[in-house]
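Heads up, the thing below is written out as structure tokens.
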Amino acid sequence: MTDAVLSPAPLSPARLALVGNPNSGKTALFNALTGSRQKVANYAGVTVERKEGHLTSAVGRRVTVLDLPGTYSLRARSPDEEVTRDAVLGRLAGEHEPDVLIAVADATNLRLVLRLILELKQVGRPFVLALNMYDIAQRQGLRIDVEGLSKELGAPVIATVATRKRGIDDLIAAAEALYEKHAENPNVWREPSAAEIRAAHGEAQRIMRTYVKPAMRPDTLTGKVDGVLLHPVAGLLILLTLLFVMFQAVFTWATPAMDLIEAGFAALSGLVIQVMPDNLLRSLITDGLIAGVGGVVVFLPQILILFFFIILLEDSGYMARAAFLMDRLMGAAGLHGRAFLPLLSSFACAIPGIMATRVIDQKRDRLTTILVAPLMTCSARIPVYALIIAALIPNTRVWGWMSLQGLVMFGLYAAGILSTLIVALVIQRLFWRTASEPFMMEMPAYKTPDIGLVARQLWQRASIFMNRAGRIILPLMVLVWILSTFPYPPEGATGPAIDYSFAGMIGHAIEPIFSPIGFNWQMCIALIPGMAAREVAVAALGTVYSVGDVEGAGGQVLQGILATKWSLATGLSFLAWYIFAPQCVATLGVVKRETNSWTWPAVMFFYMLALAYLASFATYSGAVALGWG
Amino acid sequence: MSKIFSESAGASGLDLRGEALGAARAGRPGVIVRVDGTLADAGVLGAEELERRLLELGFVEGARVEIIHQGLFGADPIAVKLDDMRVALRRREARAIEVKFD
């Protein structure tokens, strides 16, 4: 104990947790408190995101801050809100109890949060009330008797402006003072009945009337903007324009960056090929590892662009409006209004689309959206579609002006959209056997997004994808490489090397299963490396037909070979296969990460496989019957 | 339910017959006189849970309410001004809210 005499005893660390309504600026406050010292993970066993950060207080105490999901009530209605309830009550598995709660309130919108605070009081845990966005309240001429409110609630009340880091030190000091006092009361909280909620509303109303003078200059901007953005016709047109720009951005703006990343990894492979002798290690490094890492990194531009838009839409308050406008349309497929955005993003790529399902609160609606997202025609299918269409569909005109090839392409996209909506409806109505949750949400006042906060959230999305999804995707990519490489062809072998590999063996073994849908053994083999990503199927077909460089002159050659070796029925069957088949391990990897379980990627894999087989079988049989075999 | 009526709506001196918010036109302000989950098709939630959720979002007897926006198809969903807030919901659930229009 001599140390304690020489230097002051280290202060015991404190644990804080942020609780508040959605849109109360909780994330901004969390950011102001902990800055860059944040960590995003999942709570044990659930898909709810766990955000924790650290700070050191003015007196040198180490403080941990947990940012709990936003809620209107401790009565949990979703997995996110269950986490908040259990954390507040101190019974969340694998988590320490918070020492002090910070109730975060939007100072301009106190009515609902006061009722939540009355619930928090029953829990008995000490809490501080942070009146956030206090500058906006002042600008509106809203007057709050902070001292009176503090006496009434029996808790310190601190005015804060999280985006300008104002009031943050006072907030921490107030929380520390409570922590030192250990002033816990017994927990008397239980789930309130409707009558008790009414009574609490009455009490909150009384507190409001006593301590808050209503705004002299209330926000009228939001109402005016909504007059345009929620207009039944103009609002929809604006939304569609916005979506069009987003879709274009994800689809085309990402392309130069993706090309650059691919070229970079190709150059790296080239370098390794130059300095290393041709052996197994070199193949592992270039075809396995570099191609595998490249296959993960290449999705980053799309993810960053998409999430840039999503975070802007969320933080400005527009997302709730977009969900409102799309609710009827998505509701027809049994989905929530918010599902439109992930599904639209899946046109570019299902991976950012599946990550974007986080905007959906309800677990079942989120799962359904994840499961159907890969049915939307992603951009990786385009090279496959383009090759088969160019090789087998005659370049003629329908009714003199429509290209038949273009029409087939359109049909493939339409089939993708239609099957997405139908499968979603089937899952919602038959699988879950329940109608979807009611659509009810607060539409927050519009706000200018904070640039720093947007950047931090964007960074978190990128690192989550690289760390978590990458860790699943990379080994799967290496597995695909192993299957396509081993064992080596025997001495003096004449066919392409892949023919002798595990992929070749699997291809030959599954050929009898695939012959009813018109696939030959070359196609069956190409499906195995094609698991790495859909567009890889083109290169894989090039390999099994020994064509070589399909990106250059080989592409024409391959097209010629397919035109002679495949019947039209086989080509159409292959196209039908690619509408549905789960030919993408990266998608399965990201589903594992987002659902925190292997069950859902397995469900996805098998239902898509079954759909693909049925669709191809129907297409092939129909085409043969029409004499196109 | 009658006890709750006398507490909240009675204070503002209104008579207690209202019209369902779920069937109302846009642009008519009024006061909520009754929130009762059994008035609507509560679906998966059940009447009690629907009522509690509406209450938690601020649909409580005595609150001022007005439909300010509605969807293009079937005028559904609706966006309502609820005291100082704006809330979006479907007409199906809004049937649980009875409003005495001004």
Side-chain angles (χ1 to χ4, degrees), chain A residues 71-73 75 77 108-112 115-116 191-202 204-205 208 214-215 218-219 222-223 226-227 229-233 235-236 317 320-321 323-329 331-332 337 364 432-445, chain B residues 1 3-5 7-8 11 26 32 34-38 40-63 66-97:
Chain A
T71 183
Y72 291 101
S73 144
R75 243 168 31 77
R77 308 168 308 180
T108 64
N109 188 9
L110 283 173
R111 208 163 68 95
L112 297 189
R115 204 201 57 76
L116 175 66
E191 199 165 287
S193 68
E196 285 165 326
I197 297 172
R198 278 192 178 86
H201 261 305
Q205 198 70 36
M208 276 285 277
D219 164 44
T222 297
D226 271 346
L229 293 185
L230 290 184
H231 186 274
V233 181
L236 265 179
R321 274 79 182 179
F324 174 79
L325 290 168
M326 296 306 282
D327 180 65
R328 188 70 187 222
L329 210 62
R364 286 181 169 182
W432 298 134
R433 285 173 178 280
T434 53
S436 60
E437 291 268 334
F439 170 81
M440 259 187 238
M441 62 198 299
E442 187 184 350
M443 299 212 270
Chain B
M1 296 312 292
K3 181 167 162 280
I4 289 142
F5 289 168
E7 272 173 13
S8 48
I32 298 178
R34 184 177 175 199
V35 180
D36 182 350
T38 58
D41 168 13
V44 270
L45 296 183
E48 162 85 6
E49 177 62 20
L50 174 64
E51 187 171 320
R52 288 197 284 184
R53 287 199 188 186
L54 288 169
L55 289 169
E56 281 164 358
L57 260 183
F59 288 100
V60 63
E61 288 83 358
E66 177 189 346
I67 298 179
I68 47 174
H69 300 286
Q70 43 195 22
L72 179 60
F73 310 103
D76 197 25
I78 52 175
V80 302
K81 188 145 172 49
L82 177 61
D83 285 343
D84 305 331
M85 309 163 44
R86 281 158 299 271
V87 178
L89 74 167
R90 290 180 186 155
R91 284 186 179 269
R92 195 175 88 147
E93 282 82 29
R95 288 187 177 276
I97 302 159

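Worth knowing before you read on, the calculation uses all heavy atoms, side chains too, and leaves out hydrogens, waters and symmetry mates. Throughout, protein chains are lettered first and strands after them, A, B, ... in sequence-line order, and every chain is numbered starting at 1.
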Problem set entry | Basic-acidic side-chain contact under 4.0 Å: A:Arg111, B:Asp84 | no
For this session: Determine, for A:Glu191 against B:Arg52, whether the closest basic-nitrogen to carboxylate-oxygen distance falls under 4.0 angstrom.
Result: yes
Spatial distance of atom [atom1] ([X]) from atom [atom2] ([Y]) [nearest 0.5 Å]:
X	Y	atom1	atom2	result
B:Asp76	A:Asp327	CG	CG	7.5 Å
A:Ser193	B:Glu48	OG	CD	6.5 Å
A:Phe324	B:Gln70	CZ	CD	8.0 Å

For this session: Can you tell which part of B:Ile78 gets under 4.5 Å to a heavy atom of chain A, answering side chain, backbone, both or neither?
Result: backbone
Considering only heavy atoms from C-beta outward, does the side chain of [X] approach that of [Y] to under 4.5 Å?
X	Y	value
A:Ile197	B:Glu56	yes
A:Met440	B:Leu54	yes
A:Met443	B:Met85	no
A:Met441	B:Val87	no
A:Arg198	B:Val35	yes
A:Tyr72	B:Leu57	yes

Problem set entry | B:Glu61/A:His201 under side chain to side chain contact (heavy atoms under 4.5 Å, CB included): CA gap, chis, key distance, verdict | CA-CA 10 Å; B:Glu61 288 83 358; A:His201 261 305; over 6 Å; no
